[in-house]
Chemist: 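Below is a structure I'd like to ask you about.
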Number of protein chains: 2
Amino acid sequence: MNWLETSTENCTVQRTLELVGEKWSLLLIRDAMNGVRRFDDFRRHVGLSEAVLADRLRKLVAAGILETAAYREPGSRTRREYRLTRKGWDLWPAMIALKQWGDRYTADPEGPPLEVRHSDCGEPLRAVIVCAEDHGPLTPRQARTHPGPSARPRS
Amino acid sequence: MNWLETSTENCTVQRTLELVGEKWSLLLIRDAMNGVRRFDDFRRHVGLSEAVLADRLRKLVAAGILETAAYREPGSRTRREYRLTRKGWDLWPAMIALKQWGDRYTADPEGPPLEVRHSDCGEPLRAVIVCAEDHGPLTPRQARTHPGPSARPRS
DNA sequence: CTGCTGGCTTCGAATGCTGAAGTTAGATGG
DNA sequence: CCATCTAACTTCAGCATTCGAAGCCAGCAG
């Protein structure tokens with residue numbers, strides 16, 4: 001069974017994009033990874049409409065990527081903030097990989113507006129692909145794809 | 001200048017998503033990485049409408065992620081096929097990182113429908129973040145973010 | 001009890017997606 | 001040399017999503 005003959009219905013990339021691939025979702029996660037937690041901060045910084053923001057936050061919470069927590073500032077009523085869960089933070093390698101591509105191909109001549117570095121040595125980060133035995137970094141030519149255990153023919 | 005005060009206008013993640021973040025774009029790139037090259041194969045396998053497919057292919061070619069090449073099957077007229085460029089293949093780490101997340105959180109109980117392994121040792125791949133001096137794999141807690149050279153205040 | 005603020009919801013207009021039908025260029029068959 | 005077929009589009013009507021703006025609501029300050 002080759003790729004063209006296998007169903008995409010249970011493709012894990014596709015399912016991932018159903019959760020985070022809508023417009024704005026990954027930008028909200030980007031902001032959440034940079035410490036943004038409140039509705040109004042998301043709205044102003046990411047720059048989307050309030051209706052869509054409310055919808056996306058609801059979906060990301062339903063997906064287990066964000067969770068809400070109550071907070072209270074002195075002299076204000078309690079409110080809810082949005083934080084990344086473990087599952088949400090597990091998107092970090094993907095976010096860094098997208099940022100790395102953008103840094104290379106879309107940055108202004110001076111460089112990117114945000115830098116992420118190793119806190120110990122101060123060197124910039126790279127997303128690399130290795131195998132389970134730590135051979136690598138690997139290129140696409142060093143990889144082979146096979147049908148997996150749940151590969152099904154296309155209807 | 002903290003993150004909430006910096007403009008997202010030149011954010012490299014945002015610019016990346018402007019190129020590949022539309023619905024279907026990353027799925028087309030997924031298929032291209034698996035060897036799909038023709039209009040009709042994309043249409044049938046990815047399952048999107050022809051109008052949108054034509055638009056996405058045009059945009060991905062304009063972005064330098066795909067390029068067209070003439071091909072000719074015996075007994076047919078010459079046609080054009082779509083292939084990933086180097087720039088397109090550079091999205092591979094991001095694609096693997098998204099697939100890895102999907103494999104962990106969205107796969108059927110038996111596993112994913114597609115497996116990617118190191119061709120030398122046969123072990124499955126992992127997307128990891130390292131620093132330029134190869135410390136790693138790193139977690140988000142071991143990273144620090146700073147404003148980069150093109151950080152600008154939000155208007 | 002009046003106003004203010006954060007966090008939404010509602011609404012009309014604009015944009016985007018879908019499925020189906022139509023178009024075009026070059027084989028191929030009669 | 002005319003009709004047919006096919007891959008690769010384009011056009012179109014209807015539906016869904018997104019946008020910007022406005023409105024609503026709860027609780028706190030004055």
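In what follows, every chain begins at residue 1, and chains take the letters A, B, ... in the order their sequences are listed.
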Chemist: Report the distance from atom CZ of B/R44 to atom C1' of D/dA7, rounded to the nearest whole Å.
Modeler: 9 Å
Chemist: Would you call B/R38 and B/D31 a salt bridge, using N to O less than 4.0 angstrom?
Modeler: no
Chemist: Considering residues at least two apart in sequence or located in another chain, which fulfil the salt bridge (charged side-chain N to carboxylate O under 4.0 Å, His left out) criterion with A/E115?
Modeler: A/R117
Chemist: List the atom of A/A151, the atom of B/P113, and the distance in Å for their closest heavy-atom pair.
Modeler: CB-O, 3.4 Å
Chemist: So do the side chains of B/I29 and B/L91 get within less than 4.5 Å of each other, counting heavy atoms only?
Modeler: yes
Chemist: Summarise how protein sits on nucleotides 8-21 of chain D as a single string, 5' to 3': B when a protein heavy atom is under 4.0 Å from the base, S for sugar-phosphate-only contact, - for no contact.
Modeler: SBBB------SSB-
Chemist: Rounded to whole angstrom units, what separation is found between the CG atom of A/L53 and the P atom of C/dG7?
Modeler: 10 Å
Chemist: Show every donor-acceptor pair shorter than 3.5 Å between a side-chain atom in residues 16-23 of chain B and any protein atom, with sequence neighbours excluded, or say none if there are none.
Modeler:
unit_1	atom_1	unit_2	atom_2	d
B/T16	OG1	A/G102	N	3.4
B/T16	OG1	B/T12	O	2.7
B/E22	OE1	B/K59	NZ	3.3
B/E22	OE2	B/K59	NZ	3.1

